[in-house]
Amino acid sequence: MNDATKKPDINEMDDEKIVNQAFQHLIDTYLASPHRKKVDIITQAFNFAKQAHKGVRRLSGEPYIMHPIAVAQIACEEIGLGSTSICSALLHDVVEDTDYTTEDIENIFGSKIAQIVDGLTKISGGIFGEQASAQAENFKKLLLTMSDDIRVILIKICDRLHNMRTLESQPANKQYKIAGETLYIYSPLANRLGLNKVKTELEDLSFKYEHPDAYNAINRKLATTQASRDTLFKSFTDPIREELDKMGLEYTIKARIKSPYSIWNKMQTKHVTFDEIYDILAVRIIFTPRRRDEEVNDCFNIYVAINKIYKSHPDRLRDWVNHPKANGYQALHVTLMSKQGRWIEVQIRSDRMDEIAEQGFAAHWQYKDGKEVTEDEGELNDWLRTIKEILDDPQPDAMDFLDAIKLNLFASEIFVFTPKGEIKTMPAGCTALDFAFQIHTFLGSHCIGAKVNHKLVPLSHKLQSGDQVEILTSKSQHVQANWINFVSTAKAKGKIQTIIRREAREVQKKGEEILQQWLQKNGMELNSSVLDKLCDLHEQRKHESLLQAIGEKNIILGDNDLDELSGKKQQNIPTWRKFVPFINHSGEKKKEEAKKPEYYIVEKDFNKKKPIFISEENINQFIFPQCCHPIPGDDILGYIDNKKHIEIHKRACPVASKLKASFGNRILDAKWEMHKHLFFDATIRLRGIDRKGLLLDLSEILSEELGVNIRKITISSDSGIFDGSIELRVHDREDVQVIIDSLKKIHDLQEVSQII
């Protein structure tokens, strides 16, 4: 909004009061922090931004300056950043939204703040723009600027967190776009930078807007089970407190409750209900070491002490103390069996480890004392270097690029040793070939196998934590196209694709030379019309694939090609079809054309802010891709594809997640308006103890009690345990839930879930 929409003076006075209170709260928070007290420059930045944004309001109706103050508050209070970051946060929208330039910022506030504001300006233009892959492009810019100054990304994450906290005022399609982008890009980024609290809140807010019903249901369940969790926590921790008191340690014990998003995620992936999730409660022991150099020993002493009270799970000890995660996280995780027969995870960490775990490794990146970065930053620099490598060879497609980055952001780590005993951190699930590319591109390109713990293994062998790996190479080995199917790291995928693309270009060049020579010989010239005709004739979708096929000798140019290019019609040549009267080829074509559904086409004046409603009458006008099979009752969204048709996806569909992050401006709000007239496919998975009459019980409930149309039953039994699936025809998600609830009553049926 501009000055023309300003409210009356009395409201302006209220606004002034609210703004000044918010700024005073920021200053109070800053003064309570361990930073050098540079209040003057922060006040100067506030007054400058306030004047620059004067008269402008957010969609929520509040003065625009409240947003930069809120971002600065998050940077100061929740991430622990100092005056440079606070000033940059206050000024982060000035260059983009007003007439001021980066030079103006530099003249008043100096080069460092100007550089950060410039980085933030470069990445924000177009976040709500109309370009197809604006978000992916912005993300590239984000990572490029981040490698210059980590504070750019930290303030951007603060900005995103405040936008998520105030997302209510946005229309639904924007909510899905911003929530999807947050879940796909910003929360893994926050996680990678060790901002655990921020990452959890970003996930929960995204979940709240994408799946409001599920979010509210889980929160209600958490509230109703609070009392039983409190009882469990007290009875579990009382003996631990006694033991720690004997040790004379200064400590606090906190209950850590699994976040609503984590609970929902587990329900989806494990096909379980809320009541079947047993790790909702975890316990965190935070202690102050007597001496800083003793904190590792103290962690293990606490572990030994509590292990005397409760039995620990042999496979669930995680030593992040001696081997910190790549984002700086340190703690000792152990899972203990409580007296109630429940496994409970205990996280043991010092107060220093806790601060890094909550506020982030990046926040401690040499800025606490106001110093500039001069020395190597270890793990963080390694990560930034990997990202730079991906940016040096960006994938041509925005979706590929986001995938490549995701591989780095989400991966949990394992530790692998070189033949000389050096330790290397690798993503979980990586293969011997990933390890080879991690060490050097030459090693990866010529890798023929590996020795893992002195045993010969193939390239595709998955590595485990603690493996010692020796890479075997041969000069005659070359990169194979199928390697891409089993590598999992962004670096390996990127290098393989680069080499394959380079080789493909060489083959295409050879194909082009063959085609040119052939055309010259037949008195013709190479142009796009010739390429189009040959693509049609040989059923090739792109010119490049045609040239590659010619270069690989998969297409040999001959008389048919000459006839096509010279315009001689093939149908004049008699074929066997002419002599078979009962095959009416053109009739078949007409029938096929008639069968083609008439999809809805999005026109220029289409209002993307309004939801689309799917009913029995118009359902055939929408495309339902194979990736997620949405049925009525699922949370869904629409996506405008390249042909201006509308695809319908579940909001939680992995493909939809990429679309939200790459093509957010094409996302639509979609709602069901169905009346249980049409049937949809659903598959239910069953698992339990095999016994006589079980199948009879199943069919009785499904056919007689519920009147469900069973399409297919697949059941296998092994050692008294049966595993099966039933394909059914249902009206909507409510039908599926009724069926699952009814089947759960069958004796010996242990697990019933829907296959999503």
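All values below were derived from every heavy atom in this structure, side-chain atoms included, with hydrogens, water molecules and symmetry-related copies excluded. If you read the sequence from its start, that first residue is 1, and numbering goes on from there. Note that this is a predicted model, so its numbers are computed, not measured.
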Next item on the list: Walk me through it: do Leu515 and Leu534 pass the test side-chain contact (heavy atoms from CB on, under 4.5 Å)?
Entry: CA-CA 11 Å; Leu515 179 58; Leu534 290 175; 3.8 Å; yes
Next item on the list: Kindly determine whether Leu546 and Gln508 satisfy side-chain contact (heavy atoms from CB on, under 4.5 Å), including the steps that lead there.
Entry: CA-CA 8 Å; Leu546 173 78; Gln508 283 168 27; over 6 Å; no
Item checked: From CA spacing to verdict: side-chain contact (heavy atoms from CB on, under 4.5 Å), Tyr329, Ile356 -> CA-CA 7 Å; Tyr329 178 84; Ile356 291 178; over 6 Å; no
Next item on the list: Apply side-chain contact (heavy atoms from CB on, under 4.5 Å) to the pair Glu422 and Lys424, showing each step before the final yes or no.
Entry: CA-CA 7 Å; Glu422 284 176 63; Lys424 297 279 182 189; 4.2 Å; yes
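The closest side-chain heavy-atom distance from His649 to Ile636 is not below 4.5 Å. A heavy-atom distance below 4.5 Å is found between the side chains of Ser445 and Ile499. For the pair Ile646/Ile623, no side-chain contact is recorded, criterion being any heavy-atom separation below 4.5 Å from C-beta on. Side chains of Ile153 and Ile157 form a contact here, defined as non-hydrogen atoms less than 4.5 Å apart. At a threshold of 4.5 Å between non-hydrogen side-chain atoms, the residues His543 and Asp532 count as touching. Taking 4.5 Å as the limit, every side-chain heavy atom of Asp279 sits out of range of all side-chain heavy atoms of Glu345. The closest side-chain heavy-atom distance from Asn527 to Leu531 is not below 4.5 Å.
For Ala357 against Asn196, the heavy-atom pair with the smallest separation is O-CB, 3.1 Å. The heavy-atom pair separating Leu463 from Ala432 by the smallest distance is CG-N, 4.1 Å. Shortest non-hydrogen contact noted between Tyr176 and Leu637 is CD1-CB, 4.2 Å. Across all their heavy atoms, Ile116 and Arg151 have their closest contact at CD1-NE, 3.7 Å. Of all heavy-atom pairs between Pro630 and Phe624, the closest is CG-CD2, 3.8 Å. Smallest separation of non-hydrogen atoms from Ile556 and Asp561: O-OD2, 4.0 Å.
Note that CD of Glu647 is 9.5 Å distant from CZ of Arg666, once rounded to the nearest 0.5 Å. Here the NZ atom belonging to Lys509 is positioned 11.0 Å from the CZ atom belonging to Arg505, to the nearest 0.5 angstrom. With rounding to the nearest 0.5 angstrom, the CG atom of Leu195 is 11.5 Å from the OG atom of Ser187. Note that the NZ atom of Lys462 and the CG atom of Leu433 stand 13.5 Å from one another [nearest 0.5 Å]. Distance check: Thr714 OG1 to Glu727 CD gives 6.5 Å after rounding to the nearest 0.5 Å. Of the inter-residue distances, the one linking Phe486 atom CZ with Lys493 atom NZ reads 10.5 Å to the nearest 0.5 angstrom.
No hydrogens or angles considered: nothing links the side chains of Gln480 and His478 as a donor-acceptor pair under 3.5 Å. For the residue pair His333 / Asp319, no side-chain donor-acceptor distance below 3.5 Å is found, with atom types taken as modelled. A donor-acceptor contact closer than 3.5 angstrom links the side chains of Asp434 and Thr431. Using modelled atom types, one finds no donor on one side chain facing an acceptor on the other under 3.5 Å when comparing Asn482 with Asn485.
Under 4.0 Å is where a charged nitrogen must lie from a carboxylate oxygen, and between Asp159 and Lys156 at least one such pair does. Taking 4.0 Å as the cut-off between side-chain N and carboxylate O, Glu210 and Lys660 count as a salt-bridged pair. A salt bridge between Arg651 and Asp634 is absent, with no side-chain N of the basic residue lying under 4.0 Å from a carboxylate O of the acidic one. The pair Arg160-Glu181 meets the salt-bridge criterion, since a charged nitrogen lies less than 4.0 angstrom from a carboxylate oxygen.
Atom NE2 of His440 has 12 or fewer neighbouring heavy atoms from other residues, nucleotides or ligands inside a 6.0 Å radius. The 12-atom threshold is exceeded at NZ of Lys266, counting heavy atoms of other residues, nucleotides or ligands nearer than 6.0 Å.
Between Phe663 and Tyr639, the two ring planes are tilted [angle within 30° to 60°]. Using bins of under 30°, 30° to 60° and over 60° for the plane-to-plane angle, the ring pair His446/Phe442 lands in the tilted bin. Note on ring orientation: taking the six-membered ring where Trp is involved, the planes of Phe207 and Tyr261 are perpendicular (angle over 60°, cut-offs 30° and 60°).
Qualifying side chain to side chain contact (heavy atoms under 4.5 Å, CB included) partners for Glu512, counting only residues two or more places apart in sequence or in other chains: Leu526, Leu547.
No side-chain donor-acceptor contact under 3.5 Å links Gln540 to the backbone of Cys535. With Asn522 contributing its side chain and Leu519 its backbone, the two residues share no donor-acceptor pair below 3.5 Å. Within the 3.5 Å criterion, the main-chain N or O of Lys643 finds a donor-acceptor partner in the side chain of Asp641. A distance-only check finds no donor-acceptor pair linking the side chain of Thr441 to the backbone of Phe437 [under 3.5 Å]. Remark: the backbone N or O of Ser725 is not paired with any side-chain donor or acceptor of Arg685 at under 3.5 angstrom. Distance alone, capped at 3.5 Å, places no donor-acceptor pair between the Asn554 side chain and the Ile550 backbone.
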Enumerate, atom names and distances included, each donor-acceptor pair closer than 3.5 Å involving a side-chain atom of residues 466-474, sequence neighbours excluded.
from, atom 1, to, atom 2, distance (Å)
Asp467, OD1, Asn453, ND2, 3.1
Asp467, OD2, Gln464, N, 2.7
Gln468, NE2, Thr418, O, 3.2
Gln468, NE2, Pro419, O, 3.1
Ser474, OG, Ser476, N, 3.3
Ser474, OG, Ser476, OG, 2.8

